[in-house]
Amino acid sequence: MMGDFAQALTVFDAALRRGADVALIRARVDGAHTTGIRIARRALGHATGLSESVGESWSRAQIIEAGLPVPTLQCRYRGSSTYFCDFDWDGVLVGEFDGMTKYSRLLRPGQTIADAVAREKAREDELRALGLMVLRWTWSTLVRGELVELLTPWLLRLGITGT
């Protein structure tokens, strides 16, 4: 079975995040003549080691496939702490993919789920105080194919057109 663009992008992102040699991957992909190689070439052209999870890669794949402006990844903002946002459009709109691991296996020692939620809410409030619009989505948004529908009105409202 052949994979789709989102699957290819997710694999390449993960490989680059783990330190794979993009030149070596590109040489292998460019030299291949198999079914689906065009999808692989396109995905490799968009791949980055900055995508920190499958959910972030899948989000970006949906954004790219819809022809929406491609965000900058892992932009840094300073509030009372330094925050890295998953997706950034022109320093005006930030997007956060919320998997559930931050509320389960990534809890800090002694921290409850309620503590993690409160910490995320405070972080979001600080980002908004910096003048950013913050959008969040979860696995269910991606599975239902609703990310483009969520993002599009905000991109239009904020005048974000991409390059």
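Only heavy atoms go into these numbers, but all of them, side chains included; no hydrogens, no water, no symmetry mates.
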Close side-chain approach of Ile64 to Leu9, heavy-atom, < 4.5 Å: yes
Glu120 vs Arg136, side chain to side chain contact (heavy atoms under 4.5 Å, CB included): CA-CA, chis, key distance, verdict: CA-CA 11 Å; Glu120 282 298 302; Arg136 292 183 172 279; 3.0 Å; yes
Flag side-chain contact, heavy atom, 4.5 Å: Glu146 against Gln62: no
Nearest-0.5 Å distance, CZ of residue Phe12 to NE2 of residue His46: 12.0 Å
Carboxylate-amine/guanidinium proximity below 4.0 Å for Glu56 and Arg60: no
Common cluster, Leu150/Trp139, ILVMFWY with side-chain heavy-atom separation under 4.5 Å: yes
Shortest non-hydrogen contact between Cys75 and Asp88, atoms and distance: SG-CB, 3.5 Å
Over all atoms of both residues, closest heavy-atom pair of Ser57 and Asp13: OG-OD2, 2.6 Å
Within-4.5 Å side-chain heavy-atom neighbours: Arg128 and Glu124: yes
Shortest non-hydrogen contact between Val70 and Ile63, atoms and distance: CA-CG2, 4.4 Å
Test side chain to side chain contact (heavy atoms under 4.5 Å, CB included) applied to Leu73 and Asp86, step by step: CA-CA 5 Å; Leu73 305 182; Asp86 297 338; over 6 Å; no
From CG (Leu156) to OG1 (Thr161), nearest 0.5 Å: 10.0 Å
Short side-chain to backbone donor-acceptor contact, Arg17 and Ser51, under 3.5 Å: yes
Linked, directly or transitively: Trp89 and Leu132 (ILVMFWY side chains, under 4.5 Å): no
Tyr83 vs Arg76 side-chain heavy atoms within contact, under 4.5 Å: no
Shortest non-hydrogen contact from Cys85 toward Tyr77: SG-CD1, 3.9 Å
pair Val94-Met133: side-chain heavy atoms closer than 4.5 Å: no
Residue pair Asp98 / Trp137, side-chain heavy-atom distance below 4.5 Å: no
Single-linkage hydrophobic cluster, 4.5 Å side-chain cutoff, Phe84 and Phe87 together: no
Sub-4.5 Å side-chain heavy-atom contact between Leu135 and Leu151: yes
Single-linkage hydrophobic cluster Ile160~Val134, side-chain heavy atoms < 4.5 angstrom: no
Rounded distance (nearest 0.5 Å) linking atom CZ of Arg157 with atom CG of Leu155: 11.0 Å
Pair Trp58 and Phe97, ring centroids less than 6.0 Å apart: no
Heavy atoms from other residues, nucleotides or ligands near CZ of Arg18 exceed 12 (cutoff 6.0 Å): no
Pair Thr72-Asp90, side chain to side chain contact (heavy atoms under 4.5 Å, CB included): steps then yes or no: CA-CA 8 Å; Thr72 302; Asp90 297 345; over 6 Å; no
Least distance between heavy atoms, Ala43 atom then Ala8 atom: CB-CB, 3.5 Å
Arg28, CZ: over 12 other non-hydrogen atoms inside 6.0 angstrom: no
Leu147 versus Ser59, closest heavy-atom pair with distance: CD2-O, 3.6 Å
Salt-bridge contact Glu96-Arg123 (side-chain N to carboxylate O under 4.0 Å): yes
Linked, directly or transitively: Leu68 and Leu158 (ILVMFWY side chains, under 4.5 Å): yes
